[in-house]
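Following: one structure in structure tokens, then a few remarks.
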Amino acid sequence: MHQTAVVWAQELAVGLIKDQFGDVVGGVASQLVYSGPHTFIQLLRASSLAPPLLKQALLVLLQHNCVAAYKEEIKEADTNRVAAPASVMYAALLPAVLRRLRHPRFMVHIREEFGEKHEIVIQGLLEHGRLRMDQLIEYAAPRMNDTPEQAQGAVEEALAELVSEHFVERAPPPDRAPTASELGTVAGASKPPPRSGPAAATYQAQQAQAMASQARQAQERFRLPPRLQSLVALAAKRKRGEEVAGDVHREAAAVLGAGLDQDTLWRVNPEEFNRRFRHQLVQTLIAEKVEAAAGAVAGALLRVARRHERSPLEERTVPVTHVELAQAMAAQAREGLPAVAEESLPGVLELLFMDPSELVSKVGESPDGRPTVCVNLKRVMDLLRLKQLEAAVRQRFGVSACRVFRLLTMKRQLEQKQIAELAMLPVKETREILYRLLKAGYLLLQEVARSADHNPQRTLYLWRADIGRAVGRLGAELVRTVLLARARLHHELASHAPLLALLESGPSRGRVVLTQTQRAQLEHVRCTAAVLETRLLQLDDLIFLLHDA
């Protein structure tokens, strides 16, 4: 990734923190983002803040999952013995910071899939980072127009269902070191790891320790207290439309004495949201490319395989049998989602197997002779990224440039004359298009010399499209566009700050009378802010497709 892309991602992360938590917290985050992990003493020297103020800033960043704190031992290179006592290091979690742009989409997804009560729970966790159960009930009660005692049951049931679906998890232990993926960034803002020497050995040991700690935490991430486990079963029965007997309520109340782990901190699990958004993209593409019934089948396949995925970026799903697929289809039909009748499944599966893109593959047969299938997630996402690249090239450089780019993605590498002939374009126009795409970073030019003197007349010049490099370049441009859109939004709000302050003071001053000019300015600010905020959400969707999906 080009150095400017690194700077853009870092600048965006620092800007997000400053907007939401203020300049003091933003200054501490800036030091961690640009200079890497620090101890408290190092931060104290670099930030020039008073120790209590620095402590409060770090607590805010830790509370909102923007920074990780972990212990690091300094070892001698030769003997591998501990050379100094373990010190607490603070490291910025850049992906977590950049994902804050996606929080509105998280809430919309929860509201559509579960309902308003679940959305309030997610909103509370997003606003406060980490909360205990009693804090969550206190937050949700006024928004549900209930007292804490009346809202407790609804909040517990909503939280239990969100944890069982992996949208909410237990906060990790404070001593767990972050992994490389947690420290990295959407645009590659993290420094490359050392490749050799003592530094490389130390880095590998730290990553191994972090992965082992993460594996231990995985067993506890979604563990529910006994009372909440009973509430999950209760919610599942309601979802299936079954009647809830009185003994179920009494059983849930009976385990109340076991406690709710009141000291447990809960937080949102962004990985699960990314997984669901990825599955939505896969289902939509298959429905568009094949047919609507095929999209419904793909959705059922992903629904069955979801609970077996260990990473949000699995290349393919686990094999799913025909029986499991039919059961998932029946569940979708009960919930009012698109579904296919069991007798029509073989025909739809055969249609998917015949598709040349191989988005869904047959991997075997069950004992009864029915197919076992899986979804090729990586192939689907690669196809989506390629379509987005072609759309970006078409919009920026024109239809002819898109034709040339698509030709090179299909033929791997070609000479200029071959490109002009196959694309049916004049040689001069082809040359101009190729060099414009090369300058923008979407194409590569390779020189193959036939002689030692590199004579141009005896040298081949091959053009090719590197999809990974082009995706990185487009992603960097999107991050820069987000920065520009946010700067424009801040400018609009700052230039009309007196008018906005007058409106905010309205309740204390009574009715505010605006002139015609002020009304026009207010309408301009509202329209501009709405457009820019919508564009920011759309840009984040594209960044997700290119880098997080």
Side-chain angles (χ1 to χ4, degrees), residues 1-9 186-188 285 288-289 355-358 378-485 487-488 535 538-539 541-547 549:
M1 181 65 65
H2 196 272
Q3 185 63 27
T4 54
V6 174
V7 174
W8 292 336
V186 149
L285 178 68
E288 292 176 354
K289 197 172 187 302
D355 184 72
S357 302
E358 297 182 1
K378 186 177 184 300
R379 190 184 299 272
V380 177
M381 299 315 301
D382 288 344
L383 183 57
L384 280 169
R385 292 188 187 100
L386 181 58
K387 290 178 63 176
Q388 188 58 49
L389 275 175
E390 292 175 355
V393 170
R394 184 189 304 112
Q395 183 178 9
R396 183 172 175 183
F397 303 102
V399 177
S400 299
C402 181
R403 191 188 312 166
V404 170
F405 182 80
R406 187 179 297 165
L407 179 65
L408 287 172
T409 59
M410 295 170 59
K411 299 294 184 179
R412 302 298 179 187
Q413 55 185 15
L414 294 169
E415 293 184 82
Q416 179 180 296
K417 185 178 179 181
Q418 294 173 315
I419 296 172
E421 292 175 355
L422 293 174
M424 295 182 290
L425 294 171
V427 176
K428 181 180 179 181
E429 183 182 354
T430 302
R431 186 187 307 115
E432 293 175 354
I433 290 173
L434 288 172
Y435 279 98
R436 287 170 63 198
L437 291 173
L438 176 65
K439 182 179 179 181
Y442 290 94
L443 294 183
L444 294 176
L445 177 60
Q446 182 180 7
E447 178 184 319
V448 182
R450 295 180 178 178
S451 58
D453 59 353
H454 289 259
N455 190 321
Q457 295 182 351
R458 292 189 296 273
T459 300
L460 294 176
Y461 295 95
L462 300 177
W463 295 87
R464 63 187 179 91
D466 187 333
I467 302 301
R469 186 173 183 269
V471 166
R473 182 62 186 175
L474 180 58
E477 292 174 356
L478 290 173
V479 173
R480 180 172 179 268
T481 306
V482 170
L483 277 172
L484 295 176
R488 171 67 187 281
R535 292 292 181 267
Q538 294 172 345
L539 287 169
D541 289 347
L542 295 178
I543 292 174
F544 167 77
L545 170 62
L546 295 177
H547 292 289

Tyr461 side chain near Gln446 side chain, heavy-atom distance below 4.5 Å
no
Any idea which heavy atoms bring Leu546 and Val471 closest together, and the distance?
O-CG1, 3.6 Å
What distance do Leu462 atom CG and Leu414 atom CG have between them, rounded to the nearest 0.5 Å?
8.5 Å
In short, Leu389 meets Ala470 closest at the heavy-atom pair CD2-O, 3.7 Å
Check whether any side-chain N or O of Gln418 sits under 3.5 Å from a backbone N or O of Glu415 as a donor-acceptor pair, and report yes or no.
yes
Would you check, one step at a time, whether the test side-chain contact (heavy atoms from CB on, under 4.5 Å) holds for Leu383 with Lys289?
CA-CA 11 Å; Leu383 183 57; Lys289 197 172 187 302; 4.0 Å; yes
Is there a side-chain contact (heavy atoms from CB on, under 4.5 Å) between Tyr442 and Asp466 once you walk through the steps?
CA-CA 7 Å; Tyr442 290 94; Asp466 187 333; over 6 Å; no
Could you give me the CA-CA distance, side-chain angles and deciding distance for Leu408 and Leu437, then say whether side-chain contact (heavy atoms from CB on, under 4.5 Å) is met?
CA-CA 12 Å; Leu408 287 172; Leu437 291 173; over 6 Å; no
Quick check for you: to the nearest 0.5 Å, what is the distance between Arg464 atom CZ and Leu444 atom CG?
5.0 Å
Would Arg385 and Asp382 pass as an ion pair if we require N to O under 4.0 Å?
yes
Distance check, rounded to the nearest 0.5 Å: Glu421 atom CD versus Thr430 atom OG1?
10.0 Å
Hey, can you pull the donor-acceptor pairs under 3.5 Å for the side chains in residues 395-406, sequence neighbours left out?
residue, atom, partner, partner atom, Å
Arg396, NH1, Glu477, OE1, 3.3
Arg396, NH1, Glu477, OE2, 2.8
Arg403, NH1, Ala423, O, 2.7
Arg406, NE, Glu390, OE1, 3.4
Arg406, NE, Glu390, OE2, 3.4
Arg406, NH2, Glu390, OE1, 3.3

Taking atom CG of Leu474 and atom CG of Leu542, what is their separation to the nearest 0.5 Å?
7.5 Å
So how far is it from Lys387 NZ to Leu545 CG, rounded to the nearest 0.5 Å?
10.5 Å
Is the closest side-chain heavy-atom distance between Trp463 and Gln413 below 4.5 Å?
no
Working to the nearest 0.5 angstrom, can you tell me the gap between Gln388 CD and Leu384 CG?
9.0 Å
Which heavy atom of Leu438 sits nearest a heavy atom of Leu445, and at what distance?
CD1-N, 4.0 Å
